[in-house]
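Remember, it's a predicted structure, so these values are computed and weren't measured experimentally. Convention: sequence-line order gives letters A, B, ...; per-chain numbering from 1.
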Amino acid sequence: MNDNFEISKKTKIATLESAIADNINSGSVIFLGGFGHAIPFYSSHEIIRQNIKDLTICRSGADILFDQMIASGIVSKVIFGYIGNPGVGLSHSFRKAVKNHKILLEEWTNYSLILRLHAGRMGLPFIPSKILQIGDMPDNIKYMKTIKCPYTDINMSAIPALVPDVAVIHAQQADEFGNIQMWGVDGDTIEGALASNKIIVSVERIVDNSEIKKFPDRTVIPAHRVSAVVELPWGAYPSYVTDFYSRDDKHYIEYDKISRDPDLLNGYIDKWIRNIESIEEYKKLIGMKKLKELQNGICGLKSNDE
Amino acid sequence: MNDNFEISKKTKIATLESAIADNINSGSVIFLGGFGHAIPFYSSHEIIRQNIKDLTICRSGADILFDQMIASGIVSKVIFGYIGNPGVGLSHSFRKAVKNHKILLEEWTNYSLILRLHAGRMGLPFIPSKILQIGDMPDNIKYMKTIKCPYTDINMSAIPALVPDVAVIHAQQADEFGNIQMWGVDGDTIEGALASNKIIVSVERIVDNSEIKKFPDRTVIPAHRVSAVVELPWGAYPSYVTDFYSRDDKHYIEYDKISRDPDLLNGYIDKWIRNIESIEEYKKLIGMKKLKELQNGICGLKSNDE
Amino acid sequence: MMNDCKILSQNARIAVLAARDLQDEKSCFVGIGIPSDAACLAKLSHAPNLSLIYESGVIGTLPHSPAMSTGSPSIAHNSDMITDSFTVFGELQAGRIDIGLLSAAQVDTFGNLNSTVIGPYENPKIRMVGSGGAHDIACLVPELIILMPHDSRRFVNDVDFITSPGANKEFNETRLKNKLGSGPVSLITDRARFYMSKDGWKLDAPLAGYSYDEATEDLPWDVGKGINNSITISDDLFNAIRYLPYLESKN
Amino acid sequence: MMNDCKILSQNARIAVLAARDLQDEKSCFVGIGIPSDAACLAKLSHAPNLSLIYESGVIGTLPHSPAMSTGSPSIAHNSDMITDSFTVFGELQAGRIDIGLLSAAQVDTFGNLNSTVIGPYENPKIRMVGSGGAHDIACLVPELIILMPHDSRRFVNDVDFITSPGANKEFNETRLKNKLGSGPVSLITDRARFYMSKDGWKLDAPLAGYSYDEATEDLPWDVGKGINNSITISDDLFNAIRYLPYLESKN
């Protein structure tokens with residue numbers, strides 16, 4: 001055996017700055033993870049801080065992270081199934097950007113967007129589906145083609161593959177080599193990550209490889225597919241991370257009011273995004289009292305070290 | 001709330017006899033679970049004991065359970081990617097049945113069989129793939145059609161869906177309502193179960209619903225999809241169950257010699273299958289010493305109650 | 001003694017009326033809000049084996065606090081299974097989920113729903129959230145139940161954009177030919193239940209305590225005279241509301 | 001001092017020769033037996049970041065005891081990830097697994113492999129196990145390495161059945177047109193390494209200790225004179241064998 005076997009294994013641990021700067025360029029197509037759960041707020045904020053422009057961002061169901069990125073002026077196109085503030089209302093920055101023709105839309109449904117990623121993940125140029133044949137959605141997706149099933153002769157939609165340049169996701173834990181473990185609600189996060197050419201992951205904690213091997217079923221992305229891992233506890237705030245902290249519903253509700261008003265929103269983006277230099281500052285801004293509350297309101301799934 | 005809320009919830013727990021008799025008929029197309037791991041030996045043996053004939057059995061990679069069912073004369077057709085004794089050699093009963101034209105073959109590859117189940121699971125009549133375009137396999141699968149991708153114009157195989165009548169699988173645990181939890185190697189087991197119209201599951205242990213809720217990520221089939229659950233500890237012997245017992249490699253090696261000889265094989269089937277009336281007898285036959293050895297040689301993944 | 005539904009919040013009235021349509025042992029694809037509340041009430045009363053399936057991939061849960069997203073902690077908490085969205089939509093496309101529940105900003109007489117834009121698509125007055133999974137559910141589920149607060153602005157002759165297709169003749173032909181789900185079967189408001197006919201929504205009956213006029217107030221459709229006098233809510237169902245306290249206090 | 005490969009078992013010789021072709025930081029789709037052994041040796045010597053992917057869905061493992069199935073306990077044990085077969089084959093079809101390793105009963109000069117039948121398909125002399133994932137790997141992987149014990153019955157002009165397609169001109173055209181993997185690049189026996197040319201297998205070089213005649217004994221193909229004199233095995237690789245003791249003792 002190579003005497004340096006263990007030490008010669010490559011680490012994927014990176015600073016957030018370099019993880020973003022090295023993998024995301026102006027014009028990149030970016031999949032952002034998190035379906036209600038484990039939304040990569042803090043790492044996506046770094047894209048705003050680095051002011052990388054002309055981005056296309058995509059996912060099935062998108063929440064206020066999309067709103068923030070649109071408001072920051074770095075997004076030229078969205079590929080989506082839903083953009084809103086779940087349980088609260090509209091995405092006001094999205095609404096305004098559409099009204100003012102400031103953004104290109106490629107509008108799908110949640111399932112069709114997931115199927116686009118699924119085809120990408122499987123290396124297929126398209127996947128058939130029964131959806132998008134009636135109603136106004138099919139008229140809207142102008143380039144979608146139909147095919148005839150060669151066995152049943154029925155018409156189907158040929159949902160084209162989507163292969164994002166980079167996926168940015170958040171998860172519970174990873175080892176230094178980049179084996180990523182996530183549990184709780186996934187939605188289309190893994191689908192989108194596996195569809196993408198590069199994968200950047202922020203995690204609540206870095207653990208030893210031996211911890212990963214205790215529950216290999218929980219590993220959702222293998223090390224060799226991961227470009228960079230960044231330890232960012234609280235990186236999914238104001239969304240939540242199962243077994244770590246709960247969702248700050250109030251933050252989402254207040255964001256509705258803030259995002260209706262350009263001045264308030266500018267202030268919010270400065271305060272919560274542009275002026276933040278570290279995850280420690282982000283935590284300070286959330287405040288010790290709230291951090292405690294959210295930790296105590298965790299979702300209740302058992303962690304593997306409890 | 002209905003006063004009988006808890007007690008009025010329907011149990012899926014059944015005897016093995018009725019689970020098989022009520023759900024499998026002569027002529028049924030049956031998916032048998034287990035990819036190396038958690039192969040449903042004992043519950044499939046019950047199909048042999050009940051002498052339900054004219055069956056079609058299917059899965060991607062099949063091992064000596066297929067050999068036993070073919071040898072028992074109840075199988076008229078196999079839909080498969082591989083039938084053998086992994087790491088040992090051929091499936092001799094399969095080899096002889098083919099030589100004597102006693103069995104219909106529908107021969108795929110492991111991936112194409114998985115894609116057939118995947119299409120079935122997704123409610124699609126077919127799914128495209130790049131495989132099965134060159135070599136002799138495509139000539140052999142006579143009814144498979146090709147399609148042109150409407151975007152790239154490349155030719156692809158249109159892999160037709162497979163929707164088995166019944167899936168028979170083995171897993172670690174379930175609650176009485178039929179929520180099934182499995183971990184460790186799955187292969188195409190979940191794919192095949194979800195593709196099937198009915199699902200019969202044997203498990204190492206029945207647990208309380210509260211145990212299921214501790215690790216909802218480990219639930220692989222939801223209760224409403226399950227027709228019957230049978231508690232059958234050691235039901236996967238001589239294959240293995242992660243966190244319960246290891247694989248009896250010697251049994252597989254000896255089976256190679258036995259299955260070459262019709263008399264030895266008949267004796268084996270009588271002894272290990274036809275004359276066995278309960279899982280307790282099966283365990284007795286394995287023997288206390290071997291049971292202990294196999295329990296100590298477990299695969300080492302952590303169970304959720306440790 | 002008849003249960004007085006008029007004491008309930010608007011959302012609670014929709015939820016109890018819809019819950020009646022959810023039979024035991026069925027599986028049900030539910031979104032956040034009233035659809036989820038209705039399914040919970042059914043499960044807590046006459047349908048203990050109803051399987052609740054959320055598009056986030058959560059199955060077999062009974063949230064006791066309101067959730068803002070199908071991926072929220074209170075949905076994931078205490079669930080029987082967490083799988084991915086791909087899997088639950090696949091079950092839907094395979095016809096293996098029996099019932100879907102949807103709401104929207106606008107509905108027309110054939111159950112076409114709009115959650116995309118008010119005004120023209122290319123130049124909207126209000127850009128809304130888009131389909132999410134609504135289009136997919138409306139296309140694929142065997143039995144679709146539509147839930148709407150009684151608000152005359154929501155009931156229209158033609159929705160501005162058909163996000164989730166209904167039961168127009170032309171759509172029904174495609175549904176049959178291409179093996180889609182069969183589309184909307186009932187419309188539940190906080191005042192009445194309607195069923196789908198080949199000519200669009202017809203009144204089943206008002207919720208007990210509401211008159212015919214209240215049930216059909218400002219509806220732009222000819223919904224007929226109703227086939228039943230009124231719909232009463234069973235004690236079991238009515239009493240189940242107290243297990244969802246947030247439902248009572250809403251509105 | 002040159003490492004004497006003649007002291008090794010036949011399987012070990014194939015494994016060390018094949019291991020040389022597996023570069024660090026690549027991902028590798030491996031089957032049970034010598035393919036797995038070769039990948040383990042590479043990982044234990046020059047390629048610590050080689051990712052081993054088994055069709056059972058196991059990733060990132062280093063089995064220290066022989067496994068009979070890709071789903072065996074010793075494969076699953078101590079792995080970094082257990083996913084499903086669908087996922088790993090999907091990665092393969094997406095071109096995201098770099099290298100595949102295959103063996104078979106027969107190979108021809110274009111690397112076509114047979115693991116289906118000896119004799120005609122409809123009336124075989126010997127019915128074998130069938131493709132398993134072999135066809136899929138041979139169609140999809142960017143770089144295919146074929147491993148064979150030097151046994152003249154296995155080297156044929158025409159395989160009885162093309163289970164796993166090779167690099168015939170016609171196949172190559174389809175591979176290119178329909179974006180398949182590019183097919184076999186090397187053939188490793190226990191005596192030599194061959195590479196694929198447009199005319200079929202050509203000799204790279206014999207394993208150190210073997211002569212040209214031994215390396216090409218009974219081969220039915222014109223494999224040329226070889227481009228290197230011999231292949232020596234590095235100390236690191238040679239020494240790694242002791243971590244797979246079952247490999248030394250085999251045969």
Side-chain angles (χ1 to χ4, degrees), chain A residues 34-37 60-61 63 80-91 94-96 98-99 101 107-112 114-115 118 129-137 140 152 154-156 183-191 239-240 242 246-247 249 252-253 297-301, chain C residues 32-33 54-58 66-78 82-86 89-90 92-93 112 114-117 121 123-140 159 161-166 168 170-171 174-175 177-181:
Chain A
F35 198 96
H37 176 233
S60 61
D63 83 350
F80 69 103
Y82 166 104
I83 302 179
N85 187 339
V88 180
L90 305 184
S91 163
F94 170 59
R95 175 174 62 77
K96 285 175 199 164
V98 173
K99 199 178 181 69
H101 303 281
E107 178 155 16
W108 299 82
T109 69
N110 278 8
Y111 189 32
S112 55
I114 292 166
L115 288 174
H118 195 66
S129 177
K130 296 180 178 180
I131 57 171
L132 298 179
Q133 299 192 69
I134 49 179
D136 288 338
M137 293 292 302
N140 175 235
T152 61
I154 68 172
N155 280 318
M156 309 193 79
W183 56 95
V185 170
D186 152 23
D188 61 351
T189 302
I190 310 311
E191 208 68 55
S239 79
Y240 77 109
T242 291
S246 194
R247 189 176 194 265
D249 286 346
Y252 279 85
I253 293 168
I298 62 168
C299 166
L301 306 178
Chain C
I32 281 306
Y54 293 84
E55 69 166 333
S56 58
V58 178
M68 293 171 66
S69 149
T70 63
S72 272
S74 65
I75 301 292
H77 180 69
N78 244 348
I82 303 180
T83 180
D84 53 19
S85 302
F86 171 80
F89 278 116
L92 189 67
Q93 187 168 250
N112 292 299
N114 174 19
S115 52
T116 303
V117 281
Y121 185 82
N123 206 12
K125 253 186 288 195
I126 303 175
R127 170 67 223 198
M128 297 185 291
V129 293
S131 160
H135 170 93
D136 312 313
I137 295 168
C139 288
L140 298 172
V159 295
F161 186 93
I162 302 177
T163 313
S164 306
N168 309 18
E170 170 208 347
F171 289 173
T174 304
R175 285 177 182 277
K177 198 174 63 181
N178 295 344
K179 307 198 176 184
L180 309 186

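Of the atoms belonging to A/Leu115, it is side-chain heavy atoms, and not backbone ones, that fall under 4.5 Å from chain C. Proximity to chain C involves both the backbone and the side chain of A/His37, based on heavy atoms less than 4.5 angstrom apart. Contact annotation for C/Asn112: neither backbone nor side-chain heavy atoms come within less than 4.5 Å of a heavy atom of chain A. Neither the backbone nor the side chain of A/Ser239 has a heavy atom closer than 4.5 Å to any heavy atom of chain C.
The closest side-chain donor-acceptor pair between C/Asp136 and A/Thr109 falls under 3.5 angstrom. Counting only N and O atoms by type, the side chains of A/Asn140 and C/Tyr121 include a donor and acceptor under 3.5 Å apart.
Taken from CD in A/Glu107 to CZ in C/Phe161, the straight-line distance is 6.0 Å, to the nearest 0.5 Å. The CZ atom of C/Arg127 sits 16.0 Å away from atom NZ of A/Lys96, with the distance rounded to the nearest 0.5 Å. Atom OH of A/Tyr240 is separated from atom OG of C/Ser74 by 8.5 Å, given to the nearest 0.5 angstrom. The distance from the NE2 atom of C/His135 to the CG atom of A/Asn110 is 11.5 Å, given to the nearest 0.5 Å. A distance of 12.0 Å separates OH in A/Tyr82 from CE in C/Met128, rounded to the nearest 0.5 Å. The line from NZ of A/Lys99 to CD1 of C/Ile126 is 8.0 Å long, rounded to the nearest 0.5 Å.
A/Ile190 places none of its side-chain heavy atoms less than 4.5 Å from the side chain of C/Asp84. A/Lys130 is not listed as a side-chain neighbour of C/Cys139, based on a closest heavy-atom distance of 4.5 Å or more. In this structure, the side chains of C/Val129 and A/Leu90 come closer than 4.5 Å at one or more pairs of heavy atoms.
Interface remark: of the candidates A/Val88, A/Leu132, A/Asn85, A/Leu132 forms the most heavy-atom pairs closer than 4.5 Å to chain C. Looking only at heavy-atom pairs under 4.5 Å with chain C, the residue among A/Gly36, A/Pro86, A/Gly61, A/Gly87 that has the most is A/Pro86. The greatest number of non-hydrogen atom pairs below 4.5 Å with chain A, out of C/Leu140, C/Ile32, C/Ile75, C/Asn168, is found for C/Leu140. In terms of heavy-atom pairs under 4.5 angstrom with chain C, the leader among A/Ser129, A/Gly34, A/Ser112, A/Ser91 is A/Ser129. Ranking A/Gly187, A/Ser60, A/Gly84 against chain C, the residue ahead of the rest is A/Gly187, based on heavy-atom pairs under 4.5 Å. Counting heavy-atom pairs under 4.5 Å between each of C/Ser85, C/Gly130, C/Ser115, C/Gly133 and chain A puts C/Ser85 at the top.
Here the closest non-hydrogen pair linking C/Ser131 and A/Trp108 is CB-O, 4.4 Å. Heavy-atom minimum distance, C/Phe86 versus A/Tyr111: O-CE1, 4.4 Å. A/Ile131 and C/Gln93 make their closest contact through N-OE1, 4.4 Å (heavy atoms, listed as atom of the first residue, atom of the second, distance). Here the shortest heavy-atom pairing between C/Pro124 and A/Val98 reads CG-CG1, 3.8 Å.
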| message | Evaluate A/His101 against C/Asn123 for side-chain contact (heavy atoms from CB on, under 4.5 Å), listing each step before the verdict. | response | CA-CA 8 Å; A/His101 303 281; C/Asn123 206 12; 3.1 Å; yes

